[in-house]
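Quick caveat, the model's predicted, so the values are computed rather than measured. One-based numbering, in listed order, for ligands and for the atoms of each.
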Amino acid sequence: MDRDTINILCKQYCLNEQIIKYVNQKEKLILDKFQHIDQIKEYNQYKVLKGMQESKLNSTDFNWTTGYGYGDIGRDKVENIFSSVFNTEDALVRPMIASGTHAINLTLSGLLRPNDEFVSITGSPYDTLQKVIGVQGDNKGTLLDYGIKYREIPLKNNKIDINRVINDISNTTKLLLIQRSTGYSDRKAITIDEMKIVIEKIKENNKNIIIMIDNCYGEFIEKIEPTDVGADIMAGSLIKNPGGGLALSGGYIVGKKNLIEQVANRSTAPGLGKDCGLTFGTTRTVLQGLFLAPHVVAEALKGALLMGIVYKELNFEIIPDLEDTRSDIIQAIKFELPERVVQFCRGIQSASPVDSYVIPTPWDMPGYDDKVIMAAGGFIEGSSIELSADAPIREPYFAYYQGGLTYEHCKLGVMKSLNNLYNYDLIDKNKLT
Ligand SMILES: *Cc1c(COP(=O)(O)O)cnc(C)c1O
């Protein structure tokens, strides 16, 4: 880093020079890991481009239709391209899917019928899904309310407990859910290698069981996706990885044709399925975002590594650790004190291009049981492929950092967060030198 940059960081961003030096010094220790990330990025860039070329995407596909939206060629091509990238028979990719939670809810409620059982085999699912299922909150319109049965099989030593899964499957078990990402937990993300082994074992005994993946935050981390190793259906959010920071909203569901058909019937109406529903001119940004996504995910991953090493070297526990195989873009840091979590998030917020002057505070966010603090000053509201951090205010006070459209921006986030902890005397200052 040259003197001009150090000067602007000190003057414009009120950073302590000691913090800048410390972060630059730690950055040197992770540079050798960037090559692996770049290799995956390059592969995925060509994979995405191939999908666009093969579907003969052309400039008029960005036009949009009105009314029912029958015969919307651009919408069909978006879905073809997602099928190609994720190596599936079919896809449902719509701007009306409000979030990742909505995409997962559509999938579960499209596939499950009363008395069917579904089992989460990665323990308790993500906070918002507990309300979808009905194990938290009230029961109105939840899966349990519709007579669907639900069970969880906890992880064993941070891995899917495959023997128990196979033993516990019964005649009524219709679907198994695997959550790839950490969520608000203290476990590592499930890797594709692990999923491959687990899915093969399950399919050996139970051909017809549906394996569904919550792929939020997992897209483009590796060269292949869960659907390349046998997952039947998978859902995620366009304001995370695959939207590349450009998609204005939306979610995707990819998988086997007969399954997507049922989900599409649930999303519009039986008989209408995928054939109608407007895109409101979002086709261009969805595809441009997908085109940039492999690059953006690589930037975010490099940022996660920097965040990881900077706090690890200050003696905080980090998940994943530096040498772990990453399977999502999240870097969790165990802060042990709520004040640290709050100041960390405020530091991230102050590095944002939008709402940088806003001071985030823990609040009762819809869908969550604990108070949650969220730092996000992105161009797309709530977009967590952009620089962001969040944390439920509960022990042991993990903060979850993710995103950043450019590595430089991630680095500023790292420095601003650390500077905040420094100013409030919440770190061991002796370790900085
Ligand atoms: C983000 C996320 C979801 C969905 O959350 P939304 O905020 O509704 O998009 C679901 N599962 C996991 C693991 C997630 O990270």
Heteroatom proximity flag, Gly100 to ligand 1, N/O under 3.5 Å: yes
Test of ring centre spacing under 6.0 Å for Tyr400 and Tyr184: yes
Considering Gln402, Arg180, Lys240, which one's heavy-atom position lies nearest to atom 14 (C) of ligand 1? Lys240
Name the atoms and distances for all side-chain donor-acceptor pairs under 3.5 Å in residues 301-310, with sequence neighbours left out.
| unit_1 | atom_1 | unit_2 | atom_2 | d |
| --- | --- | --- | --- | --- |
| Lys302 | NZ | Asp38 | OD1 | 2.7 |

Quiz question: by atom type and distance under 3.5 Å, do the side chains of Thr285 and Gln288 form a donor-acceptor pair? no
Quick check: closest heavy atoms across Pro125 and Ile133, and the distance to 0.1 Å? CG-CD1, 3.8 Å
Of all the atoms in ligand 1, which lie at a distance below 4.0 Å from a heavy atom belonging to Tyr217? 15 (O)
Looking only at distances, can you tell me whether any N or O atom of Ser99, backbone or side chain, sits closer than 3.5 Å to an N or O atom of ligand 1? yes
Does the N or O separation between Thr101 and ligand 1 drop below 3.5 Å for any pair? yes
Hey, which atoms in ligand 1 end up nearer than 4.0 Å to a heavy atom of Asp214? 10 (C), 11 (N), 12 (C), 13 (C)
Check: Ile202 main-chain N/O paired with Asn205 side-chain donor or acceptor under 3.5 Å: no
Any pair counted as ring-ring contact (aromatic ring centres under 6.0 Å, His included), so long as it reaches residues 265-307, sequence neighbours left out: Trp64-Phe280
Just which atoms of ligand 1 are under 4.0 Å from any heavy atom in Gln179? 13 (C)
